[in-house]
K.L.:
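Please find one structure pasted underneath; my questions will follow.
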Amino acid sequence: MSCCLLEFCRVQELRAVREFLFPNLRTTASENNNKNKQDEEMNWEDTDWGSWDTADAKDGGAVEEESVSQSAPWLQDCAVSLSPCTDLLVIAREHKAVFMSAKWRTDEAGQEEMTLAVSWSGTLSTEEGECVNSVICIPLASQKRSSTGRPDWTCVVLGFSSGHVRFYTESGVLLLAQLLHEDPVLRLKCRTYEIPRHPGVTEQHEELSILYPAALVTIDGFSLFQSLRACRNQVARAAAAGSDTVQPPPLAYKKWGLQDMDTIVDHSSVGVMTLCVFDQMKNASILGGFHASVKGSPPAMSQYVAVGGGPFTGFYYAIEGSSQPLLSHVALAVASKLTSALFSAASGWLGWKNKSEEEPVQKQKPKVEPATPLAVRFGLPDSRRHGESICLSPCYTLAAVTDDFGRVTLLDLGRGIAIRMWKGYRDAQLGWIQVCERRGEGESVSPTFPRRHAQFLVIYAPRRGILEVWGTQQGPRVGAFTVGKHCRLLYPGYRLMGVNSVTSQGWQLHTQQVCLLDPTTGVLRTITVPFHLALSDKKSERAKDMHLLKRLNTLLRSQEVEPDILESEAQSALLDIKHPAIKKQALESLLASKNAPVSCLTNITRALLDSLKGQDPEAVEEGLLQLCSSQLKLLQLYTDIQSLHSASPSTPSTEADTELSNQIQQDLARIQPILQRYTELMGQEAEWTRLGSFFFWGCLCGGSPITQVCDTLQNSGISPQQLLSLLLSVWLNREREVLKRPEAITHLQALLSALSNMPGAVDESWDLQCVSPWWQQVRTACSQSENAGAALLAALVAHRSAKSSITRLADSKFQSEWEAVSLELEHWAVCVRQLEDLLALHTLLCLPCPRGSPGGAPVRCSVKTLLESGRGGVADSVAKWVFRQDLAPGLLKEALQRKGQGHSQEQPAEEGGSTEQPHEEKSEEDDDFHRAAELLLSVCGRFPESLSPDLLFSHCCWEYVVQWNKDPEEGRYLAWAVEHLKLVTSPHIQQGIAVMMWNTFIVKRFSAAAFLMEKVGKAPKDRLCRRDVGMGENALTSFLGSCSQLLQTLIEADAGLDEVSAPELCVEEVWGGAEGPASIAELALEQRGVHYPLVQHHCLLASLLHAASAFRVRGVKPLSLFDSKGKNAFFKDLTSIQLMPSGDLDPGLVSLRQEFLLKVLTGWVQAQGEAAEAESCSEAGPLDDSWPSLCLDLGPLLQVNPDVLRRHLVCELYSQGLDLRAEQVMLEVEDKEVLGSQLLVLTGQRLAYALLHTQTRPGMELLARLPPMLCTWLKAMDPSSLRCPSVPLAFSSRLVSRTVEVLPESHAQYNLALHLLEAVDLLEGEA
């Protein structure tokens, strides 16, 4: 077992992150990919490996990474931090940052994997010119008792070039901001609590250290933890209620001015340390001379190590108590970047009342305390060498430093010396791995023998693309991996903040110590190092055992080894391994190998067992001995069964067996039609149990002797219950093959009888009025199986076998001719009936979907899942089938009403949604529909209560609205959901479902659409619709129409509540044990009644919005058509009582409403005209024809005179040239005189176009004969306002006649109308 680089997470959307942080790098780097391929393939020395690991070092250690899209090394220019819990990754550059949170998703193979996806991105800087220099993610421990020692949330700490340090939540909300020094922040580091490994080790306190160019600030961890929790609670309360809260406590920190170093670029806070007595006396002698005095107890000191230049490394010691902690001014800096909405809600927290008072407080800089000077105690002087980074080991005794010479130096912090140096690692990134020794079984950890720990230094050399693992202090290289050149090594160096010696008891939090992020693939990898690599090869038996195990695995993977050589080599390696745990692992690897023959495995296992038995019984591990013994028995059983499968079968049958087979055949004849149809539609079989197939498949196929196989299995010691479970497993999971072999049923009955006769199978004390555990196991397996066909066959066979045994038991006890009645048979009757119903349901659900339908995998279920899904489980499954089949509501209703076979009806054009098709294709679709209808009727006959029409339509309605919510662009789904709802006959269920649809899916999008149209003052464009409502403009029109239909259905349902009583929902007797969630109908009956005027109010708004969107009405804001009471009542709960508008409205408001309705009528007329010009019916013609009547119905509700709407409609129809429709509407106009004046102008415009604009010779001659007054009037007419000026003269003649009829003789323009009539007659006569 060697080092391994394991993938544990993937980062998504890295390209988007790069483009957000680097707007100038939007072009791909495909050209550089080919250029850098050769540079990536570098050879590195293979030295300092273990004595026997050289042969397999490259095989096990080097991992080549396939990069998907090689890009520039942009990640090296960013500040990156990964939380130790690996649930948050922060990438920041300049003034921007991206927060990525952990999410779980299912990959293509069905495995769950963790990914990091963008949860927040934005700009962080608040001052001009400042940028992010450093970032760390600190997980904070939960304070709840149930999750003590677990992470509660993660705080993101960022240091800026302005000197500010700001603290954020995972969602980007600013919690706290501090200005502790006015120089740029160079580095942020954290130290958290660690359980001391040895007695007497100083317990280190938690702290956050902030490095500036000439200062170091350390914030106490306990103070920071409390302040962050208080600030987070403060923000949550402010966002929720806006109540005044207590300001968070100030931070306690210490500030040191680091002296005697020219430049400082990085640091490490080692923690509190105490010198030993010898070192204390040595230092006192050196500093004070021969007569120096020594204190009784050595002082505690905080050690800090800084790297940079002049000297290369500096060691600082601050004696505890030499500087008092400072208190920061939290109230001046906390939460300075909350949004305005949050501030308005939280007005008053921390003393801020309004915006005018907020600004001067933010501009005021907090007081910056001076630093306490701290001189360097000693250092490592090297005038030409400049340090770049320092990485502290987990035990705080070692540190690794990188410099500008490409060296990595290992420091002993206790002695202050360099103990090792590596060269050739320019721009290296460092990390540490601490590995705990695993104890064997039975070994305990005590203070006398504590568990050993080993530390490994991880070095990533980006210029060479190599990741190496080295043993410390003088250990060899134990692992090397070839990785990309642009990766980033992430080493937090801390764990969870807020944990102490009490809450850490039993703490088992798993954190990643070192992670490697590859920006080209987005893969996060962690390094696993076994403990034994820290031990020397000469002294470690475990290391030698691991080498033998590796050699054995290599041998087993080889394909060209002879069986004899494989057996001898594997046996030698297995016997040479000393450690029991590794020996057990080697044996398991050997038994799992597919290349080793059974005889080889048997001989090796027997040799190992003999070797263990020959040793001292006290020195042999009991678990390994039992494993060898049990595996040897299994190998012998495998050999015996294999030999029996090759023997010829002999199955003598008795008279009782023949009678039982005849009864089973009768049951099969009864279910044969539905079983045959199910076999045709069934998909692939599920994954089956290999062990059960090995035991019983030969018997089920008739190729093995059943009696001898069962005797062998009985002698092996396997219990009959386990054998029964294996038999049922192979029968149920190989359903497809079972249904193709009719003779398998007879063999199953023989096998079941043989297993039942085994000792210990059926309890001898079984009573007729008790349930047998043996047969209950069969029923449970059949009820839990999703393979309904095989489960039903198994149940029929088991039912007959159980009935036969019950009959024999009754005959032996009672000696009577009466038929035995038992509780067992009642359970079997229910089970068989349930499986028959399930088979019929599965046959329907497996029906293939037609072309063009949504499709999807059929929903498979078992008796158990149906019982657990509640009373609506069956209806819900059928509703999903209806959606997959794309069955229109009208067709579903037709299918439920079919009485006989062969009866067919044509599909309605408005529901089928299909164009004309060839006769053969249409006939094929009709046949498919008839077959589906027959299966549906069959299932409904078996579930008369669960699939009653109201329940089925209810679940179909809900299924379609759920599917629409997933894809709002499919407006047809919502429209069909409303159509299904209309087919529900019970107004109680209808109202409840409508209310649930409205509250769950509709009202949020409906209100967004209303506010959007109110804002833009017209039907919005596609981009705005998608941004605010989540759908396109065409889908928005369909959505608003469905909303209007839904509310209208709700109104009708509310009106019919008093006429009928609420229905009683029942379930079939055999399915009476269903327990689970309530069905949609049950939830609907629990809904409260609606407020009728409020529903009508919303229905009115929906109609207006639908009209505005359908005809692209401009210049009208729908919500402005209502007064303040009407606006306030919108989008409230439909069951609540709101103050509704009443009485006469403002005339200006009524005028706006009238203008809106007139524009709608104009839009409808234009649509009709365009459709007439295209010589095709407009879409949904009957629906279009309903718009005028809808506008006339809305008139009284909006206090608009309907007669004005009718006159306007007549004039618009004449203007469009639709004279016949105009004449029909004219009959309903009440004020004929005003209409006559309007029609007179239309007639004049038509005549003016015919005489003046066409300029024909007969027209000019007629114009000369007309009276001067009429000529002057005609010349004043403007035909351009007519949308269709060229109308046949016969239509114009009829229009003039109608005008003369409606005008009274006393009208001022009556004579003008007569002159027009004469002129049109003359023009028509000459034409």
Side-chain angles (χ1 to χ4, degrees), residues 1009-1010 1013-1014 1017-1019 1036-1049 1051-1052 1095-1122 1126 1141 1145 1147-1172 1178-1216 1218-1232 1234-1235 1238-1239 1242 1283:
M1013 296 178 72
E1014 179 73 11
K1018 60 180 180 179
L1036 179 63
T1037 303
S1038 174
F1039 165 68
L1040 294 173
S1042 298
C1043 290
S1044 177
Q1045 293 292 321
L1046 176 65
L1047 292 170
Q1048 188 62 38
T1049 305
I1051 291 175
E1052 296 173 358
V1095 179
Q1096 192 177 36
H1097 191 55
H1098 281 83
C1099 185
L1100 180 61
L1101 176 62
S1103 301
L1104 297 179
L1105 294 176
H1106 186 206
S1109 178
F1111 300 112
R1112 321 300 295 175
V1113 178
R1114 294 176 173 269
V1116 177
K1117 298 184 176 181
L1119 292 179
S1120 301
L1121 300 178
F1122 298 89
L1145 294 176
L1149 198 59
V1150 176
S1151 176
L1152 289 176
R1153 293 178 172 184
Q1154 177 176 310
E1155 180 185 359
F1156 176 80
L1157 293 178
L1158 295 181
K1159 289 182 178 180
V1160 172
L1161 290 174
T1162 301
W1164 176 79
V1165 172
Q1166 290 179 356
Q1168 296 297 315
E1170 293 172 359
S1178 62
E1179 58 176 295
L1183 184 62
D1184 278 352
D1185 286 342
S1186 66
W1187 277 108
S1189 60
L1190 176 62
C1191 292
L1192 295 176
D1193 293 339
L1194 293 177
L1197 297 176
L1198 297 174
Q1199 298 187 10
V1200 176
N1201 186 2
D1203 202 53
V1204 176
L1205 303 178
R1206 293 190 185 95
R1207 294 200 301 268
H1208 178 77
L1209 179 60
V1210 171
C1211 296
E1212 289 294 327
L1213 288 172
Y1214 274 120
S1215 175
Q1216 191 67 48
L1218 303 176
D1219 290 25
L1220 298 179
R1221 292 194 178 188
E1223 291 176 4
Q1224 296 176 0
V1225 181
M1226 190 190 304
L1227 300 176
E1228 302 176 5
V1229 177
E1230 297 177 358
D1231 194 342
K1232 305 287 187 181
V1234 176
L1235 178 62
Q1238 296 172 335
L1239 295 181
L1242 283 170
R1283 281 188 292 274

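Values reported hereafter were calculated over all heavy atoms of this structure, with side chains retained and with hydrogens, waters and symmetry mates removed. Just so it is clear, the model here is predicted, and its values are computed rather than measured.
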K.L.:
In the structure I gave you, are the side-chain heavy atoms of F1122 and P1141 within less than 4.5 Å of one another anywhere?
P.N.:
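No, too far: nothing below the 4.5 Å cut-off.
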
K.L.:
Under a 4.5 Å cut-off applied to non-hydrogen side-chain atoms, are V1229 and V1234 in contact?
P.N.:
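No. Closest side-chain heavy atoms not under 4.5 Å.
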
K.L.:
Kindly compute the distance separating CG (D1193) from CG (L1100), expressed to the nearest 0.5 Å.
P.N.:
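Here the interatomic distance stands at 11.5 Å.
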
K.L.:
Considering non-hydrogen atoms only, spot the tightest contact between S1109 and T1037 and give its length.
P.N.:
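Taking every non-hydrogen atom into account, OG-OG1, 2.6 Å.
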
K.L.:
Tell me whether the rings of W1187 and F1111 are parallel (<30°), tilted (30 to 60°) or perpendicular (>60°).
P.N.:
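Plane angle over 60°, so perpendicular.
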
K.L.:
When rounded to the nearest 0.5 angstrom, what distance separates CZ in R1153 from OG in S1151?
P.N.:
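Answer rounded to 0.5 Å: 11.5 Å.
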
K.L.:
If I take atom CD from residue Q1154 and atom CG from residue L1198, how far apart are they, to the nearest 0.5 angstrom?
P.N.:
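Rounded to the nearest 0.5 Å, the CD-CG separation comes to 11.0 Å.
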
K.L.:
Please report the shortest heavy-atom distance between I1051 and C1099, naming the atom on each side.
P.N.:
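Heavy atoms of I1051 and C1099 come nearest at CD1-CB, 3.9 Å.
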
K.L.:
Got a second to check how far K1232's NZ is from M1226's CE, nearest 0.5 Å?
P.N.:
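Those atoms lie 7.5 Å apart.
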
K.L.:
With a 4.5 Å limit on heavy-atom distance, are the side chains of K1018 and V1113 in contact?
P.N.:
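Contact flag for K1018/V1113 side chains = no.
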
K.L.:
Tell me whether the count of non-hydrogen atoms from other residues, nucleotides or ligands lying under 6.0 Å of CZ in R1114 goes above 12.
P.N.:
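No, the 6.0 Å shell around CZ holds no more than 12 heavy atoms from other groups.
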
K.L.:
Assess the side chains of Q1216 and R1221: does a donor N or O sit below 3.5 Å from an acceptor N or O?
P.N.:
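R1221 and Q1216 do not have a side-chain donor-acceptor pair below 3.5 Å.
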
K.L.:
Under the salt bridge (Lys or Arg N to Asp or Glu O under 4.0 Å) rule, collect the residues that match up with E1230, sequence neighbours excluded.
P.N.:
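So E1230 forms no salt bridge (Lys or Arg N to Asp or Glu O under 4.0 Å) with any residue.
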
K.L.:
Under the rule for ring-ring contact (aromatic ring centres under 6.0 Å, His included), what residues qualify as partners of F1156, not counting sequence neighbours?
P.N.:
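Scan of F1156 (ring-ring contact (aromatic ring centres under 6.0 Å, His included), adjacent residues dropped) gives none.
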
K.L.:
Which distance, rounded to the nearest 0.5 Å, do you find between the CG of L1046 and the CD of Q1048?
P.N.:
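So the gap between those two atoms works out to 10.5 Å.
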
K.L.:
On a heavy-atom basis, which atom in E1014 and which in S1120 lie closest, and how many Å separate them?
P.N.:
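In terms of heavy atoms, the two residues are closest at OE2-OG, 2.5 Å.
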
K.L.:
Between L1101 and L1047, is a side-chain contact (heavy atoms from CB on, under 4.5 Å) present by the stated rule, with each step listed?
P.N.:
CA-CA 10 Å; L1101 176 62; L1047 292 170; over 6 Å; no

K.L.:
When you measure from the side chain of S1044 to the backbone N and O of G1041, does any donor-acceptor pair fall under 3.5 Å?
P.N.:
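Absent.
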
K.L.:
Please give me the minimum heavy-atom distance between A1108 and A1019, naming the atom from each residue.
P.N.:
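Minimum heavy-atom contact is O-CB, 3.7 Å.
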
K.L.:
When rounded to the nearest 0.5 angstrom, what distance separates CD in Q1166 from CG in L1161?
P.N.:
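Those atoms lie 11.5 Å apart.
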
K.L.:
Please table the atom pairs, donor to acceptor, closer than 3.5 Å between any side-chain atom in residues 1205-1213 and protein atoms at least two apart or in another chain.
P.N.:
from  : atom 1 : to    : atom 2 : distance (Å)
R1207 : NH1    : D1203 : OD2    : 2.8
H1208 : NE2    : L1158 : O      : 3.2
H1208 : NE2    : T1162 : OG1    : 2.9
E1212 : OE1    : R1283 : NH1    : 3.1
E1212 : OE1    : R1283 : NH2    : 2.1

K.L.:
Which atom pair, heavy atoms only, marks the closest approach of K1117 to G1017?
P.N.:
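Heavy-atom minimum between the residues: CG-CA, 3.9 Å.
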
